[in-house]
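Given the structure is predicted, the values throughout are model-derived calculations rather than measurements. These values consider heavy atoms only, across backbone and side chains, with no hydrogens, waters or symmetry-generated copies. When a ligand or atom number is given, it counts from 1 through the structure's own listing order.
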Amino acid sequence: MANVPKRIFLTADQMPKQWYNVRADMKIKPAKLIHPGTHEELKVEDLSPIFCEELCKQELDDDTAYFDIPEEVQEFYKIFRPSPLIRAYELEKYLGTPAKIYYKFEGNNTSGSHKLNSAAAQVYYAKKQGLKGLTTETGAGQWGTALAMACSHFDLPLKVYMVKCSYEQKPFRKSIIETFGAEIIPSPSTTTNVGRAILEKHPGTTGSLGCAISEAVEVATSTEGYRYVLGSVLNQVLLHQSIIGEETKLQMEMVDEYPDIVIGCAGGGSNLGGFMSAFMRDKLQGKASPKFIAVEPKSCPSMTRGSYVYDFCDTGHVTPLAKMYTVGSEYIPSPSHAGGLRYHGMSPIVSQLYHDGYIDEARAVEQTKVFEAANIFAKTETILPAPESSHAIRVAIDEALKCKETGEAKTIVFNLTGTGYFDMTAYASYKDGTMSDYEPSDEDIANGLAQLPKVNK
Ligand SMILES: *Cc1c(COP(=O)(O)O)cnc(C)c1O
């Protein structure tokens with residue numbers, strides 16, 4: 001196509017009005033969440049003390065293909081959506097590839113990532129239920145920021161437990177979260193029983209995501225009218241993120257394109273799941289067969305080296321068990337710079353689609369190669385990508401270079417999940433040559449998997 005514009009926009013009126021639930025088209029459904037003690041499948045009543053009512057229903061619904069996006073959520077989305085689909089002309093030229101590269105840009109909001117798509121929905125339903133407040137945890141800070149923005153919009157109090165070492169390393173995340181009116185507490189803290197117990201046992205600890213989750217859940221379940229919210233992994237989160245893929249599909253149709261290769265980075269699987277689902281629908285319905293590639297860090301290789309089994313969603317072991325590709329909830333990944341991808345497991349939907357071969361490939365990439373790609377992308381396309389997003393850029397570049405060898409003009413689309421303005425320490429360490437690559441040994445992986453809960457399912 002000669003006349004594809006650089007940026008392909010939808011108008012506010014063209015923004016999709018429904019989320020798509022890919023489970024409805026899956027012949028083999030993802031395994032249900034089970035109770036960590038009884039191993040019984042969880043029902044709405046079991047989940048509703050932790051999560052808000054409407055979200056529990058979405059979580060367990062494998063059959064409804066489309067959910068209407070509430071008017072109020074659509075109005076909020078219109079502040080930062082529809083997001084542009086961009087043709088990477090400058091990157092293509094730099095690579096000298098015949099491939100056509102497109103990317104969907106989800107970083108154009110203050111949280112700097114796609115996470116606001118689900119935060120908006122989750123806060124809306126909580127407010128509608130008449131809840132008094134929410135709690136959550138945040139590691140790198142993107143989710144905490146997105147949720148603070150949504151809570152500010154819908155006027156609901158929020159407590160964010162932020163892993164202490166990140167809290168100290170990224171003081172500006174705290175300032176942003178407070179700007180939007182939320183309370184932020186470094187974890188472990190003295191505000192919860194679990195926090196006090198951990199501090200007593202390990203004075204001076206800098207915390208972990210699992211500990212922050214345990215604190216947030218304790219406050220949610222012990223404070224009247226409060227619930228806990230999670231920014232990835234869950235089916236409901238992938239549902240909300242489906243807006244990314246629905247928009248992308250419309251935008252590609254506008255320029256008469258259809259992808260040969262669909263690429264997304266995978267932490268807990270929410271952006272990948274939401275981005276690919278519109279195209280996965282075609283594959284599940286036998287209408288098209290694009291190649292799907294999930295990209296993860298070599299330091300936290302749940303899909304490429306993990307097992308497909310039931311595991312805890314958190315290191316604190318307070319959450320239900322989910323069947324997923326996992327390297328074990330006790331696996332502690334090395335401190336890589338892609339904080340959003342340092343998760344031991346993978347969304348049950350993404351896991352099942354990968355297990356059944358609908359996601360064609362999972363690829364693990366090294367940190368320095370990722371930052372090389374990030375630097376190329378920043379210089380050519382002028383957007384400073386998040387380290388997480390740069391995993392997808394790395395593979396898009398590698399696939400485009402393969403096309404250069406074979407002379408094939410494939411159409412590649414990837415999801416650019418966010419911007420990297422808070423990750424300048426990582427960019428600096430790449431530039432000054434101190435960045436290293438870490439790959440766990442077989443023993444490290446085996447140790448993580450040795451801690452799995454025993455489940456006969
Ligand atoms: C959180 C995050 C991710 C990874 O989370 P998923 O749930 O796997 O999508 C990727 N990119 C950015 C910018 C993030 O903030």
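Within the cation-pi definition used here (under 6.0 Å to the ring centroid, within 45° of the axis), Arg87 qualifies as a partner of Tyr102. Taking the ring centre of Tyr20 as origin, the terminal cationic atom of Arg281 falls inside the region bounded by 6.0 Å and 45° from the ring axis. Figure legend: cation-pi geometry between Lys379 and Tyr94 absent, as NZ or CZ is not positioned both under 6.0 Å from the six-membered ring centre and within 45° of its axis.
For the 3.5 Å distance criterion, the side chains of Ser242 and Glu246 fail to qualify, holding no donor opposite an acceptor. Between the side chains of Ser187 and Glu215, at least one donor N or O lies within less than 3.5 Å of an accepting N or O.
A heavy-atom cutoff of 4.0 Å around ligand 1 is satisfied by the protein residues Ser113, His114, Lys115, Gln142, Ser232, Cys265, Ala266, Gly267, Gly268, Gly269, Ser270, Asn271, Gly340, Leu341, Ala386, Glu388, Thr417, Gly418.
Ala374 is linked by a side chain to side chain contact (heavy atoms under 4.5 Å, CB included) to Pro385, Ser390, Tyr427, counting only residues two or more places apart in sequence or in another chain.
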